[in-house]
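See below for the structure under consideration.
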Amino acid sequence: MKYFNEAAETMPLDQIRALQSEKLVKQVRHVYEHCAPYRRKMEEKGVTPDDIRGIEDLHKLPFLTKYDLRDEYPKGYLAVPQKDCVRIQSTSGTTGRRVVAFYTQHDVDLWEECCARAIVAAGGTAEDVVQVSYGYGLFTGGPGLNGGSHKLGCLTLPMSSGNTDRQIQFMMDLGATILCCTPSYAAYLGESLKEMGIKPEDNPLKAGIFGAEPWTEEMRETIQKSLGIKAYDIYGLTETSGPGVSFECQEQQGMHINEDHFIAEIIDPDTGEVLPEGSKGELVFTSLDKEAFPLLRYRTRDICILSRKKCSCGRTFIRMTKPMGRSDDMLIIRGVNVFPSQIETVLLKEGYAPNYQIVVDRVNNNDTFDILVEMDDELFGDTVSAITGREKALVAAMRAMLGIGPAVHLVAPHSIQRSEGKAVRVVDKRKLVTDSQWKG
Ligand code: ADP
Ligand code: ZN
C-alpha cells in the first residue's frame, strides 16, 4: 500500500490549484456569512467574497493570529450551529491563551484521513498494530492518530502518555509495529528498553510517527538506533485540526502538506508580504474543507521553507521543512507552550523585579528548564534556608501558571548580564534544525 488516498495525494499540480481555487471561493463565503469576527476583518480590509475568485486572490484576505482567536474565546470563530458539532479539542494549556477548536463529524473524518495518510506514508497498512502514546483528551495528538489508525483499519492501542512499564509491556505482548508519540517520549522509551535489556531488534516496532514538538536530525538518529525503527515526522496545530496537516514519507526529507485540504503560504513575519517558494518565513494556513472552525490565513508563527521539488514517493503535495524556529517568543518545553510573558507575570505577582533569564537546554533528549531570578539587596541578605523556601514557592507558582515546573534559581543582584537593547530573556541552547540539513 503506497497511499491512503492515491487520487488526492498524487494529483497533478494544475489540478491541485484548480481544486484549491474552487474550495477557497466556497470557504470564504461560508466564513463571511457565518463568522462575524472574520467578516469584520474582511470589511476593515474592504474585501468581500466577490473579490475572491481563486487562489490568486488569497493575498487579499486578512490574516488571523492566536490573539484574534483568544479575543473571541471560546466560540467567536465557530462557523456552524453548536448542535452540528461533535467534538472540541484545545491547545496545550497556557493560561489565558487556550484556543478551543470545534469539529463537525465531517471535520473529524477529514482530520482522521490526514492522519491515516501519515500512517501509510510511514509504511503502515491495515495489518499494523499502532501504539498511540500521545496524550489523549484535549490535546490533539492522541485523538488524531487514534482516529487515523482506526480509519486505516489497524489494531489501535490507545495507550496515552506515561506509565512507561505498561507501554513496554503492551508493545511487546501485543506486537506493536508503529509507535506514535512525541519524539522526546520515543527517545525515553528507547532508553527504558535498553535499561530493561531489550535490544532494538527484539522489539516488534518497525516505524514511529513523532511530532507536536521540535526535534533534530540528531535526535532522529538516536531514536532510530535505540528503537530499531524508521522515525517519521508529523506536524500540525490545534487551529488547523491537529497533527496530520503534514507528514513525512519514506524520503524523510520534509513533510508533505495535505494540499487538497489546506493552502500553505510563506510570509515575511514583519511585513506580511507573501514570499516565493524556497524562501524562509512564517507558515500560514488556510483550511479549505473545515466546517466548524474554518480558519483563513492563520499565522502559525512557525518559521520554515516550502519546496515543490519532485519526491520519489510520488506524492505531489508540497513539502515543508521542520519548523526552524518561531516568529514569536513562544517556547515549546517538554511539549508545553511557554511564553516568557507568563513567567514575568508570576514574578511581578510574587513581588520580584522583572530581572530574569530563562535557560532551556536538552540533556539526554529531555528538555531542561531553568529560570534565573535576581534578588534585590534586601533579599540577598536572607538566610540560605529562607532563599531556598522562596525558590520552592516560585516553582509552585510557575507550575500553576505554566503547567510544568522549572528549576528556579535566585541569584545575586545584578548578576544577570544586561544587554544594550532588548533584554535577553531566553537562552535556548537546544540545537534545532539548521538550513544546511534541508536538502528539499
Ligand atoms: P499543542 O501543544 O496542544 O499541540 P498547539 O496546537 O498550539 O498546541 O501546538 C502546535 C505547535 O506545535 C506548532 O505550531 C509547532 O510550533 C509545534 N509543532 C507541532 N508539530 C511539530 C513538529 N513535527 N515539529 C516541530 N514543531 C511542531
Ligand atoms: Zn514524498
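FYI, side chains are in, hydrogens and waters are out, and symmetry mates aren't considered; it's all heavy atoms of this structure. Residue indices begin at 1 and follow the sequence shown. Both counts, for ligands and for their atoms, begin at 1 and track the order of listing.
Of all the listed residues (Asp233, Leu283, Asn337), Asn337 holds the heavy atom that lies closest to atom 7 (O) of ligand 1. When Glu213, Arg98, Met330 are ranked by how near their heavy atoms come to atom 22 (C) of ligand 1, first place goes to Glu213. Residue nearest to atom 11 (C) of ligand 1, selected from Gly144, Gly236, Gly135: Gly236 (by heavy-atom distance).
Looking at Asp107, its side chain does come within 3.5 Å of a backbone N or O of Ala292 through a donor-acceptor pair.
The ligand atoms of ligand 1 that sit less than 4.0 angstrom from a heavy atom of Thr91 are 3 (O), 7 (O). Per-residue contacts place Gly211 under 4.0 angstrom from the following atoms of ligand 1 (heavy atoms of the residue considered): 23 (N). The atoms of ligand 1 that sit less than 4.0 Å from any heavy atom of Arg326 are 14 (O), 16 (O). Of all atoms in ligand 1, listed by their number and element, those nearer than 4.0 Å to a heavy atom of Leu237 are 6 (O), 10 (C). Within ligand 1, the atoms closer than 4.0 Å to a non-hydrogen atom of Ile332 are 12 (O), 16 (O), 17 (C), numbered from 1 in the order shown. The ligand atoms of ligand 1 that sit less than 4.0 angstrom from a heavy atom of Phe139 are 1 (P), 3 (O), 4 (O).
Taken to the nearest 0.5 Å, the OG1 atom of Thr182 stands 9.0 Å off from the CZ atom of Phe210. In this structure, the separation between CD1 on Ile416 and CZ on Arg425 is 8.0 Å, given to the nearest 0.5 Å.
Salt bridge annotation for Glu259-Arg308: present, with a cationic side-chain nitrogen under 4.0 angstrom from a carboxylate oxygen. Taking 4.0 Å as the cut-off between side-chain N and carboxylate O, Asp260 and Arg117 count as a salt-bridged pair. Ionic pairing of Asp361 and Arg430 is not present here: no N-O contact between side-chain nitrogen and carboxylate oxygen is shorter than 4.0 angstrom. The pair Arg220-Glu248 counts as a salt bridge, with a side-chain nitrogen and a carboxylate oxygen less than 4.0 angstrom apart.
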### Message
Could you go through Thr368 and Lys429, starting from their C-alpha distance and side-chain angles, then the distance that decides it, and tell me whether this counts as side-chain contact (heavy atoms from CB on, under 4.5 Å)?
### Response
CA-CA 10 Å; Thr368 61; Lys429 299 180 181 166; over 6 Å; no
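Remark: at the Zn ion (ligand 2), atom NE2 from His256 and atom SG from Cys313 enclose 100°, rounded to the nearest 10 degrees.
Taking any N or O of Ile234, backbone or side chain, at least one lies under 3.5 Å from an N or O belonging to ligand 1. Distances between N or O atoms of Ala212 and those of ligand 1 include at least one value under 3.5 Å. For ligand 1, the polar-atom distance check against Thr238 finds a nitrogen or oxygen pair separated by under 3.5 Å.
For the residue pair Thr104 / Asp84, no side-chain donor-acceptor distance below 3.5 Å is found, with atom types taken as modelled.
When heavy-atom distances to ligand 1 are checked against a 4.0 Å cut-off, Pro323 comes that close only through its side chain, counted from C-beta outward. Within the 4.0 Å heavy-atom criterion, the part of Asp302 lying near ligand 1 is the side chain and not the backbone. Looking at Lys66 against ligand 1, only its side chain comes within 4.0 Å, counting heavy atoms.
When each of Leu179, Thr177, Leu189, Leu193 is paired with Leu205, the side chain to side chain contact (heavy atoms under 4.5 Å, CB included) condition holds for Leu179 and for no other.
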